[in-house]
Structure formats: structure tokens, C-alpha cells
Amino acid sequence: MLDINLLRNEPEKVKKEIAKKNVDPKKVDDFLSLDEKWRVSLKAIEEKRGLQKKLSEARDIEAAKKNKEEIKSLEAQLAVLEKDREIAWIKIPNLPDADVPAGKDETGNQVIRKWGEPRKFDFEAKDHMALGEALGIIDVETAAKVSGARFNYLKGGAVLLEMAIVKYVFDVLTSEKTLKKIVKNIDKNYSVKPFIPVLPPVMIKPEVFKKMARLDPGQEEERYHLPKDDLYLIGSAEHALGPMHMGETLEEDKLPIRYLGFSSAFRRESGSYGKDTHGILRVHQFDKLEIESFTVLENSRKEQDFIVAIQEYLMQSLNLPYQVVAICTGDMGGPDTRQIDIETWMPGQNQYRETHTSDLMTDYQSRRLGTKVKRKDGGVEFVHMNDATGFALGRILIAIIENYQEKDGSVIVPKVLRKYAGFKKISST
RNA sequence: GGAAGGUUGGCAGAGUGGUCUAACGCGCCGCACUUGAAAUGCGGUAUCCCGGAAACGGGAUCGGAGGUUCGAAUCCUCCACCUUCCGCCA
């Protein structure tokens, strides 16, 4: 949620900014009108409560009884107002940063840079499904029988390759030495504090999910819910990493706090029927390495730049061609102030496909989570949060299988992963 | 799944219906004493909301929600979490 003072003091600015995100500016007026009503109601009730105390002290039981009835009816009104006000508040998204390209939808996204050349094959390149099935490492048919559409079994070399990637990324992000190399392009004096490896829970409570601004109206359809226990399956490790410090006030010298999580991610993919039905590009369950970091406000943009630099370092070390995309105002997420995606070249589809995202959320999430930082000068403010993909393992496996395929249908293991995988090539047996 | 005990301010911990504006202590901050420090003494030390330029005023908060009462940290109901035990279990 946005800062209440910003909404009250600069509504025109907020309206102008959210319009860029295709959000109706009227939502600001809706909120402010409810806020005003709420304030009036609150003031009235507080006066009556003060009176109730005095009457009670004076043992004026008759007057107190009467006053109590009035308080009760006012409280009922206030509760309704409070709820409506909160709902209206949440509907207002974070404001886009100044350098975010303006645009209505994904056509407004801008490729900022490209790295690597799509490989020219001297044979007909196959897609990951054809390769994976032939190699016996991807099986969607059995998964369809056992679990339904949009599920998959990974087997053999694909499994070992995934594990190799996981271990490799954990090695990179926990090494100060490697991070120092990466940060040079951003600001050589910036913090290279290593990431803390995390295996998070994959089920979380609804109220926590809401505080992360990931279960707001319109998003529930995308989530798996376990009604018996009222728990949700996470759609990303972000959902369990982001709330790790909710309700806490962190000391400034503890920041930045950086986590690297590994978990399965669960998505209903409602509304995407018929889209990407082939292969394992869009599935209900996949594993993902996720980056989450907490910083002071003046560092959060630099932190995002650093995170993107890490993503690119990893991509380059795997020698996968990619492009970095600045997501435009109309296509970015509600809690984001700046979103940068990476799209990886996939020869099987002859196009770049989204594999990474990096979200700068500023204090939009931390305000509802109650995650604060106590500055050295004694001031307390909300921390800034960044969240980003380390590797979405299903999709990066697709990229590796398709980019590293050989004429005979085998797949070469990227050099940097060989010592982790223990083999150089995946062949049919 | 069953049972018992617990959850109070930064920490520790008292408080079983009005004197709670939450004791005592520790920690922290300020001042005094001191060449400096320690010790000592005095004072101050939670968060959030509303109003206010500010000083300040009002309100809420004793795990959470609801209830009883003129009045709740205290009584009642439900829930969550923690500790321990039994059962089951990777």
C-alpha cells in the first residue's frame, strides 16, 4: 500500500502516475472520500470513548449505559468504513519510477540490451519436448495420467542438471569474491554481503499472502488453496521470503539482508487455457531459485541494478543468449515501481521467452508487512524490498536443452555446470 | 489426534474486576558528582491512529477475535502460537 500522506497531500500526482499503469485515477478519489468519512467517524467515537471513561470513573451508571449504546452503534459504522477504506487503499498500486517507459501493454516494453547471438544450427533444431521425450528426461504423458494437464515428470539427466544449477547458483550468490566481480559494473563500493540460502515453507497463511500484495482481489484465482487448513500454496518462494521480517524493526547496520530461496512454485494458470500448452514452459508446479532483499530506501534502486547484474552474470556463464527488457508502466506488476525482465532465446520456438523478472517494490509491501528499519540517526522508516528470479528451473532447462542440443538429439552440459552435474552430455541410453 | 502449562513494555517479570496513567529489576538516554571512567543520585525511556505548524490534546493496544460489565491485563467463548507429555510419523 502507498503512504497515506502521499495520498492525502498529493492526490493529483498519484492519479497521474497510476493512470500510466492503466489504473482508473478515480480510485484515488474513492479512497480519499472513504478516508475522510472514516476520520470523521473515528473522531466522534473517540470523543464518546473519552466520555465513557469519565462517566465510569464518576460511577454515573445511567449516563454510561446510554453512552455505551451510542458507542456500539458508532463502532458498527466505523468497522464498515474501516474495511471499505482498506479495500480502496489496497486497490491503488505503487507508482512507476521516473525512467520506466510509458506504455499501455506489453507492446510498450523496451529491450534495453541484448547479449549473445542465437546459435545457427546446421541441422533442424528440435524443441525441448521432442528432445526431452526422446532422451527420456521429460515425461508429461505419465504426469497427465497421474496429476492432469500442465504437470511433468523430470527424470534422469534433467534432474541432475537441475540440481547442478541449484548448487552452482548457491555457490555464486554466497561467494563475496564472485559478488565483488559482479558489483564492479554497478558501483565498486556497493555492499557485496552474501546471500543467505533458504528453503522456505511452501504453504502460507492468507493474511500473510495479502500483506505481500499477492492475494488481492483478482489474484485469488491464480492461487492454490487448501481449505481444510486455510493455507495457500506459494506461487513463488518470494511469497514466503518477503514476510520473513514482518512486524520487525531491523537495525540499519544489518542491511542489506539478502536471501536466496529454493522452492517449488504452484500456479493454477487460470485464464491461460490454450496458451503455451506444449511442453513444460507453463506448468502448475515448477522449481525456482528466488532472490529477495531488504535495503534502506536510498539503496533499493542500486540493489535492483545489482540483482539484474547477478542474473546476467549467471546467464552469461551458461552462455545463453538473452535480452534485458524494461517493462512499461502498463505491463508491470501492481506493487512494482520498476520491473526488469530477462528473456532467453529458445531455438525450439525461435523467439525470446520470459525466464526472469526483477521487481523493485520500494516500501509498497513493507508498509503492510510492518517491516521497518531503525536508521543510525534514530529515525524509523519502512525498508525497501526487491524480489527477483534467480533461475526458474523449468524454463532454464528448456533453454539449455534447446540451445545445447546436438544433431543426434543429445544435450551438451554447459561448461560451468559440468563439475556439479558430474557428466558432460545427456544422451539417450 | 489427545492432555497440561504458557503468551504482559527492548529484556526479565509482578499483577485474578475500579487506586493499571501496568510494580520491582536490568538495559538504554539525559543531567549531577568526577581530570576521565566506574559507582552513586535525580529525571526520562513502547507502538499505532486522529487532530495540531509546534507545544500538546484525545483515542487504541497486556498473543488475536468476539462476549459479559457503568468499568476488563484480570471473568466467559473461540482461534493462533510456544513449551512439555502421550499417540502417529519421514
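The chains referred to below are lettered A, B, ... by the order of the sequence lines, with proteins before strands, and numbering in each begins at 1.
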### Task
Check whether any side-chain heavy atom of A:Y224 sits under 4.5 Å from a side-chain heavy atom of A:H284, and report yes or no.
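A side-chain contact exists here, since the closest heavy-atom pair is under 4.5 Å.
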
Provide, to the nearest angstrom, the distance between the [atom1] atom belonging to [X] and the [atom2] atom belonging to [N].
X      : N     : atom1 : atom2 : answer
A:K65  : B:U69 : NZ    : P     : 8 Å
A:E86  : B:C49 : CD    : C1'   : 14 Å
A:K205 : B:C81 : NZ    : P     : 6 Å
A:I4   : B:C50 : CD1   : P     : 7 Å
A:K37  : B:C50 : NZ    : C1'   : 19 Å
A:E381 : B:C48 : CD    : P     : 13 Å
A:L231 : B:C81 : CG    : P     : 9 Å
A:E82  : B:C49 : CD    : P     : 12 Å

Roughly how many Å apart are [M] and [N], using the [atom1] atom of each and rounding to a whole number?
N     : M     : atom1 : result
B:G13 : B:C20 : P     : 23 Å
B:G64 : B:C86 : P     : 32 Å
B:C24 : B:U8  : C1'   : 15 Å
B:G15 : B:U74 : P     : 15 Å
B:G9  : B:C62 : P     : 10 Å
B:U47 : B:A53 : P     : 23 Å
B:A22 : B:G36 : P     : 37 Å
B:U83 : B:A12 : P     : 15 Å

Both A:R59 and A:K72 contact RNA chain B. Taking the nearest nucleotide for each, which residue is further toward the 5' end?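 Here A:R59 is the residue nearer the 5' end.
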
Donor-acceptor pair, side chain of [X] and main chain of [Y], under 3.5 angstrom:
X      : Y      : value
A:S236 : A:E238 : yes
A:R418 : A:F423 : no
A:T344 : A:T355 : no

Dot-bracket for RNA chain B, 5' to 3', Watson-Crick and G-U pairs with both distances under 3.5 Å, [ ] for crossing pairs, | for partner on another strand, reads ((((((((.[[...)..(......]]((((((.......))))))((((((....)))))).[[[[[..)....]]]]])))))))....

Given [options], identify the nucleotide with an atom nearest to the side chain of [X].
X      : options             : answer
A:K372 : B:A60, B:U47, B:C49 : B:U47
A:L42  : B:C50, B:C70, B:U68 : B:C50
A:E46  : B:A80, B:C70, B:C49 : B:C49

Below 4.0 angstrom from OP1 or OP2 of [N], is there any side-chain N or O of [X]?
X     : N     : value
A:K68 : B:G71 : yes
A:K43 : B:A60 : no
A:R49 : B:U61 : no
A:K53 : B:A60 : yes
A:Q52 : B:C70 : no

Exercise. Using a cut-off of 4.0 Å on non-hydrogen atoms, how would the nucleic acid contact of A:R367 be classed: base, sugar-phosphate, or nothing?
Worked result: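 Result for A:R367 = nothing.
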
**Prompt:** side chain to side chain donor-acceptor pair (under 3.5 Å) between A:T362 and A:N94: does it pass, once the steps are laid out?
**Reply:** CA-CA 9 Å; A:T362 60; A:N94 204 353; 3.0 Å; yes

Just checking, is any N or O donor in the side chain of A:T337 or A:D97 under 3.5 Å from an acceptor N or O on the other one?
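Short answer, no.
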
What class does the angle between the rings of A:F31 and A:W89 fall in, given that below 30° is parallel, 30 to 60° is tilted and above 60° is perpendicular?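 Because their plane-to-plane angle lies in the 30° to 60° range, the rings of A:F31 and A:W89 count as tilted.
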
message: Classify the ring geometry of A:F294 against A:Y259: parallel below 30°, tilted from 30° to 60°, perpendicular beyond 60°.
response: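 Perpendicular.
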
| query | Between atom CG of A:D287 and atom CD1 of A:I396, what is the distance when rounded to the nearest 0.5 Å? | reply |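 One finds 13.5 Å between CG of A:D287 and CD1 of A:I396.
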
